[in-house]
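Okay, so here's the structure we're looking at.
FYI, the numbering just counts along the sequence from 1.
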Amino acid sequence: MVLDRQQIPATSAAAPASRLAPRARRRRRAGWAPAAFLAPFGTAFIAFFLLPIGYAIYQSLLRVHVSGLGLGPGSSTTQFAGLANYAQVFTDPAFVAGVARVLLFGVVQIPVMLIFATILALLLDSVTVRFRRFFRLAFFLPYGIPGVIAAILWSFLYLPGLSPVVAALQHAGFGTVSFLGTNTALWSIANIVTWEYTGYNMLIIYAALQAIPADLYEAGRLDGATEWKIATRIKLPMVTGALVLTAVFSIIGTLQLFSEPQVLRAITSNISSTYTPNLLAYTQAFTANNPNYAAAIAVVLAVGTFILSFGFLRLVQRRGMAA
């Protein structure tokens with residue numbers, strides 16, 4: 001028996017469409033789900049990262065022109081300066097000296113800090129170490145102290161009249177050691193930064209060591225490898241990524257050096273208000289009342305930080321490919 005199409009109930013034809021409609025709605029809702037999850041982060045990223053950067057770039061292209069004594073309404077006008085502020089940055093002797101100072105600081109301080117952090121991480125990862133949790137917390141504790149407080153604490157150890165270290169060295173026959181002299185102030189700051197961030201970098205390297213399968217160590221011991229060979233031939237090559245990450249973080253932090261020299265300025269005249277590029281930008285913005293020039297310094301410093309970090313990553317990648 002052949003049925004006419006007109007005799008087929010309409011509900012049977014509409015049933016598949018009715019079943020597909022909820023699926024389509026679920027797919028549309030699923031398509032909006034990633035955007036909903038990313039919306040809080042995206043809003044904060046735009047509001048607190050992109051907009052301040054854009055505003056800094058905008059301010060760096062302006063310059064305030066003061067007429068007369070600068071008193072009264074209309075005595076100062078904001079004019080478009082183009083790249084004049086950037087030209088001034090690159091010809092400013094204080095900025096050039098500050099950049100050279102922090103680069104010298106980074107060349108010496110970053111390797112020393114990462115070596116200490118790696119040694120501490122390897123010691124914590126050793127099978128013979130005891131009280132591992134205690135030492136892990138003790139090594140990480142200096143990072144929990146704000147940089148300003150750390151600089152204040154260390155300043156008491158640097159002042160000749162208060163420092164027990166200076167007194168002990170003096171009684172040992174070394175004379176009065178000046179930790180904040182012309183040639184030693186930079187390395188005293190490096191000591192504070194190393195004390196602060198060694199534990200943080202150690203924790204990153206230690207976490208990478210914990211992710212290495214224990215079977216590799218057992219295989220090495222079965223082959224007769226000593227703990228020294230296991231550390232140098234297995235552990236260190238396996239944590240190269242963590243070492244690169246800590247190096248990049250350290251490069252960024254070095255170019256942002258601010259808190260420690262700013263605090264130590266109060267107790268020594270060998271640290272000027274232009275000692276680092278960040279200090280120079282701060283002085284121009286809040287002491288010299290020149291926020292446009294300070295914005296140009298900040299933009300140049302941000303671009304330089306990106307170039308150094310990206311260049312270091314590219315160099316590491318090329319060496320890794322060559323090896």
Side-chain angles (χ1 to χ4, degrees), residues 45-64 80-111 113-114 146-148 150-151 185-187 189-190 192-194 196-197 200-201 244-265 270-316:
F45 181 76
I46 294 173
F48 299 106
F49 188 78
L50 294 183
L51 288 180
I53 291 177
Y55 185 71
I57 295 174
Y58 168 74
Q59 286 291 326
S60 67
L61 300 176
L62 304 177
R63 179 173 289 181
V64 177
F80 180 75
L83 300 178
N85 288 324
Y86 292 98
Q88 182 180 354
V89 169
F90 289 107
T91 57
D92 189 349
F95 178 79
V96 176
V99 170
R101 191 174 290 114
V102 295
L103 289 179
L104 176 62
F105 175 94
V107 168
V108 176
Q109 187 268 335
I110 291 176
M113 179 177 62
L114 294 185
V148 174
L186 183 64
W187 309 120
I189 297 173
I192 299 175
V193 175
T194 302
E196 285 182 279
Y197 292 99
Y200 172 77
N201 294 315
V244 172
L245 179 65
T246 54
V248 171
F249 286 166
S250 301
I251 291 172
I252 295 173
T254 296
L255 294 176
Q256 295 178 351
L257 189 63
F258 176 77
S259 299
E260 293 80 9
Q262 174 71 356
V263 172
L264 295 179
R265 278 186 58 213
N270 294 317
I271 300 177
S272 64
S273 60
T274 61
Y275 197 74
T276 66
N278 260 346
L279 267 178
L280 175 61
Y282 176 85
T283 302
Q284 289 294 325
F286 300 104
T287 302
N289 195 22
N290 192 358
N292 304 113
Y293 183 54
I297 295 174
V299 172
V300 171
L301 191 59
V303 174
T305 302
F306 172 78
I307 292 174
L308 282 178
S309 303
F310 184 76
F312 176 77
L313 287 175
R314 292 290 296 175
L315 178 63
V316 171

Could you grab the distance from atom CD1 of I110 to atom CZ of F312, nearest 0.5 Å is fine?
-> 8.5 Å
Of all heavy-atom pairs linking L257 and P261, the shortest is CG-CD, 4.1 Å
Could you tell me which non-hydrogen atom of V89 sits nearest to which non-hydrogen atom of A296, and how far apart they are?
-> CG2-CB, 3.9 Å
Verify whether one side chain among Q59 and N292 offers a donor that lies under 3.5 Å from an acceptor in the other.
-> yes
Which of these passes side chain to side chain contact (heavy atoms under 4.5 Å, CB included) with L308: L103, V248, L313?
-> L103
With side chains defined as the heavy atoms from C-beta onward, is the minimum distance between L255 and P277 less than 4.5 Å?
-> no
Please state whether the rings of Y200 and Y197 are parallel, tilted or perpendicular, taking 30° and 60° as the class boundaries.
-> perpendicular
Over 12 non-hydrogen atoms of neighbours within 6.0 angstrom of CZ in F80 | yes
With no hydrogens and no angle check, is any side-chain donor or acceptor of N85 less than 3.5 Å from a backbone partner on R63?
-> no
At what distance, to the nearest 0.5 angstrom, does OG of S60 lie from CG of L62?
-> 8.0 Å
So, N278 side chain and Q256 main chain: donor-acceptor pair closer than 3.5 Å or not?
-> yes
Taking the side chain as every heavy atom from C-beta outward, state whether F95 and T276 have any pair of such atoms under 4.5 Å apart.
-> no
Correct closest heavy-atom pair for E260 and G147 would be OE2-CA, 4.1 Å
Closest non-hydrogen contact found for S272 with L279 is O-CD1, 3.9 Å
List the steps, then state whether side-chain contact (heavy atoms from CB on, under 4.5 Å) holds for I189 with I271.
-> CA-CA 10 Å; I189 297 173; I271 300 177; 4.0 Å; yes
Report yes if the side chains of S273 and L280 come closer than 4.5 Å at any heavy-atom pair, otherwise no.
-> no
Tightest non-hydrogen contact, residues A47 and P52, listed as O-CD, 3.4 Å
Hey, are the side chains of F105 and V193 touching, using non-hydrogen atoms and a 4.5 Å cut-off?
-> yes
Here the gap from F249 atom CZ to N201 atom CG, rounded to the nearest 0.5 Å, amounts to 9.0 Å
Calculate, to the nearest 0.5 Å, the distance between atoms CG and CD1 belonging to N290 and I297 respectively.
-> 8.0 Å
Within 45° of the six-membered ring axis of Y275 and under 6.0 Å from that ring's centre, is NZ or CZ of R265 located there?
-> no
Which word best sums up how the rings of F49 and F45 line up, parallel for under 30°, tilted for 30 to 60°, or perpendicular for over 60°?
-> parallel
Mind listing the closest non-hydrogen atom pair of A294 and A285 along with its distance?
-> CB-CB, 3.7 Å
Would a distance-only check, ignoring hydrogens and angles, find a side-chain to backbone donor-acceptor pair under 3.5 Å from T91 to Q88?
-> yes
Are the ring centres of Y86 and F90 closer than 6.0 Å?
-> no
